[in-house]
Participant: 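Got a structure for you, questions after.
Residue numbering restarts at 1 for every chain, and letters A, B, ... go by the order of the sequence lines.
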Protein chains: 2
Amino acid sequence: MVKLENRTALTLWQQVVLDQVTKGAHDLSMRQFAILFSVYLEPGPHTVRGLAQKLNVTKPVITRALDAMGQLDLLARKRDVDDRRNVLVQRTVAGALYVENYGDLISRKADR
Amino acid sequence: MVKLENRTALTLWQQVVLDQVTKGAHDLSMRQFAILFSVYLEPGPHTVRGLAQKLNVTKPVITRALDAMGQLDLLARKRDVDDRRNVLVQRTVAGALYVENYGDLISRKADR
DNA sequence: AATATTCGTTTCGTAGCCGTATTATTGCAC
DNA sequence: GTGCAATAATACGGCTACGAAACGAATATT
């Protein structure tokens, strides 16, 4: 479907990053983005340990990211009823909207 | 050239971010990325003030980013000989290589 | 039932970036 | 030359995130 030239790819990337920075909306770090997108683009269930392994980071990183993004209502925690040690990361309405808007932004920057 | 579907765009974005995070190479912040890409993708000369205006951030943000990325040898400072108040942000070999590799990464994730 | 293991969280000390305000240097107008 | 404007850098206090280690709760093992 897509054959992205090197230069085109970089320009697209720059446009999107620049858009986010100029509007002061760089609230999320790379790691937080990785977590958010993983939860919304891949089938669950998503646990703290699972995400930590997937991203190759320590567990406290996930815990703290969930704290931060939970406060923004982009993600939610839920105890696993079958194994109450586990925390299942849940999607939220606000989070789904955020991710979708991000997709729109990228698409929009892509056709020019 | 490119018509990127919403879902496709998001998946591409996730793949690239995930790649960077897992290899522990998320050294740069969003703002630093914006600076780096602006310098390498747009014609110069680039000054501290100019970049600050372009990114809609304060000047100390640029100064500090130049300190950080200068230490990584991704960018270099050079006094403007015509107006010695200005600092011209220069490209480096290591920086050019870094940006090019980033473009390769995006392109590679894009065709699948 | 006692012990070990797993899971997520918390604590601790450290490092980086932030915004505002201030400073040093350079150029310019008069 | 003297005052004034513009540029980049720095100082300061605050906030956030980090990795490593310790921890409490839940489950598994024996």
Side-chain angles (χ1 to χ4, degrees), chain A residues 17-18 20-39 44-91, chain B residues 17-18 20-39 44-91:
Chain A
V17 172
L18 197 56
Q20 292 291 300
V21 170
T22 53
K23 70 171 61 156
H26 66 309
D27 289 305
L28 303 186
S29 69
M30 281 290 192
R31 288 174 167 189
Q32 290 172 333
F33 270 118
I35 295 171
L36 190 68
F37 290 147
S38 291
V39 170
H46 301 279
T47 64
V48 172
R49 176 161 186 79
L51 287 170
Q53 284 179 336
K54 179 177 182 57
L55 304 203
N56 192 33
V57 297
T58 61
K59 286 187 293 177
V61 169
I62 306 296
T63 293
R64 288 184 288 244
L66 292 184
D67 289 342
M69 291 195 285
Q71 215 157 11
L72 297 174
D73 199 32
L74 298 178
L75 286 174
R77 281 184 175 90
K78 187 190 165 201
R79 279 284 165 192
D80 185 349
V81 289
D82 293 335
D83 184 343
R84 301 176 55 76
R85 289 174 300 183
N86 288 331
V87 161
L88 303 180
V89 182
Q90 308 270 295
R91 299 168 187 167
Chain B
V17 171
L18 197 56
Q20 291 290 300
V21 170
T22 52
K23 70 171 60 157
H26 67 309
D27 289 306
L28 303 185
S29 69
M30 280 291 190
R31 289 174 166 191
Q32 290 172 333
F33 270 118
I35 295 171
L36 189 70
F37 290 146
S38 291
V39 170
H46 301 278
T47 65
V48 173
R49 177 163 184 80
L51 288 169
Q53 283 179 338
K54 180 178 182 58
L55 304 201
N56 191 33
V57 298
T58 60
K59 286 187 291 180
V61 169
I62 307 296
T63 294
R64 286 184 290 246
L66 292 184
D67 289 343
M69 290 194 286
Q71 215 157 11
L72 297 173
D73 199 32
L74 297 178
L75 287 175
R77 281 185 175 91
K78 186 191 164 199
R79 277 286 166 190
D80 185 347
V81 289
D82 294 334
D83 185 343
R84 300 178 55 76
R85 289 174 302 182
N86 288 331
V87 161
L88 304 179
V89 182
Q90 308 270 293
R91 299 167 186 167

Participant: Whole-Å distance between dC7(C) P and Leu66(A) CG?
Facilitator: 16 Å
Participant: Who are the side-chain hydrogen bond (donor to acceptor under 3.5 Å, both in side chains) partners of Arg79(B), not counting sequence neighbours?
Facilitator: none
Participant: What residues, two or more places apart in sequence or in another chain, satisfy side-chain hydrogen bond (donor to acceptor under 3.5 Å, both in side chains) together with Thr63(A)?
Facilitator: none
Participant: Under the side-chain contact (heavy atoms from CB on, under 4.5 Å) test, which residues partner Ala34(B), sequence neighbours left out?
Facilitator: Val17(A), Leu18(A), Val21(A), Leu55(B)
Participant: Atom CG of Asp67(B) to atom P of dA9(D): distance rounded to whole Å?
Facilitator: 7 Å
Participant: What is the distance from NE2 of His46(A) to P of dC7(C), rounded to the nearest Å?
Facilitator: 17 Å
Participant: Under the salt bridge (Lys or Arg N to Asp or Glu O under 4.0 Å) definition, can you give me all pairs with a residue in residues 63-76 of chain B, not counting sequence neighbours?
Facilitator: Asp67(B)-Arg77(B)
Participant: What is the distance, to the nearest angstrom, from the NZ atom on Lys59(A) to the P atom on dC18(D)?
Facilitator: 16 Å
Participant: Using a strict heavy-atom distance below 4.0 Å, which residues from residues 69-80 of chain A are in contact with DNA chain D?
Facilitator: none
Participant: Mind checking what makes salt bridge (Lys or Arg N to Asp or Glu O under 4.0 Å) contact with Arg91(B), not counting sequence neighbours?
Facilitator: none
Participant: Can you identify which nucleotide, out of dG8(C), dT20(C), dT26(C), has its nearest atom closest to the Arg84(B) side chain?
Facilitator: dT26(C)
Participant: Any side-chain N or O of Asn86(B) less than 4.0 Å from the OP1 or OP2 oxygen of dA8(D)?
Facilitator: yes
Participant: Taking only N/O atoms, report every protein-nucleotides 12-18 of chain C pair under 3.5 Å with atom names and distance.
Facilitator:
from    : atom 1 : to       : atom 2 : distance (Å)
dC17(C) : OP1    : Gln32(B) : NE2    : 3.3
dC18(C) : OP1    : Arg31(B) : NH1    : 2.8

Participant: Among all residues two or more places apart in sequence or in another chain, which pass the side-chain hydrogen bond (donor to acceptor under 3.5 Å, both in side chains) test with Arg84(B)?
Facilitator: none
Participant: For Asp80(A), give me all partners under salt bridge (Lys or Arg N to Asp or Glu O under 4.0 Å), at least two apart in sequence or on another chain.
Facilitator: none
Participant: Rounded to whole Å, please give me the gap between CG in Asp82(A) and P in dC7(C).
Facilitator: 15 Å
Participant: Taking CZ from Arg49(B) and P from dG27(C), how many angstroms apart are they, rounded to a whole number?
Facilitator: 17 Å
Participant: side-chain contact (heavy atoms from CB on, under 4.5 Å) with Gln53(A): which residues, sequence neighbours excluded?
Facilitator: Arg49(A)
Participant: Would you mind reading off the distance between Asp83(A) atom CG and dC7(C) atom P, rounded to a whole angstrom?
Facilitator: 8 Å
Participant: Please identify each residue that fulfils side-chain hydrogen bond (donor to acceptor under 3.5 Å, both in side chains) with Asn56(B), with sequence neighbours left out.
Facilitator: none
Participant: Taking only side-chain nitrogens and oxygens of Thr63(A), does any of them come within less than 4.0 Å of OP1 or OP2 of dT9(C)?
Facilitator: yes
Participant: Rounded to the nearest 0.5 Å, what separates atom CG in Leu51(A) from atom NZ in Lys59(A)?
Facilitator: 12.5 Å
Participant: Taking the side chain as everything from C-beta on, heavy atoms only, tell me whether Leu88(A) gets closer than 4.5 Å to Thr47(A).
Facilitator: yes
Participant: Say you draw a straight line from NZ of Lys54(B) to CD1 of Ile62(B); how long is it, rounded to the nearest 0.5 Å?
Facilitator: 11.0 Å
Participant: Could you tell me how far apart Ile62(B) (CD1) and dA8(D) (C1') are, to the nearest whole angstrom?
Facilitator: 12 Å
Participant: So Thr58(A), base contact, sugar-phosphate only, or nothing? Heavy-atom distance under 4.0 Å.
Facilitator: sugar-phosphate
Participant: Give me, pair by pair, the N or O atoms of the protein and of nucleotides 23-25 of chain D that are less than 3.5 Å apart, along with how far apart they are.
Facilitator:
none

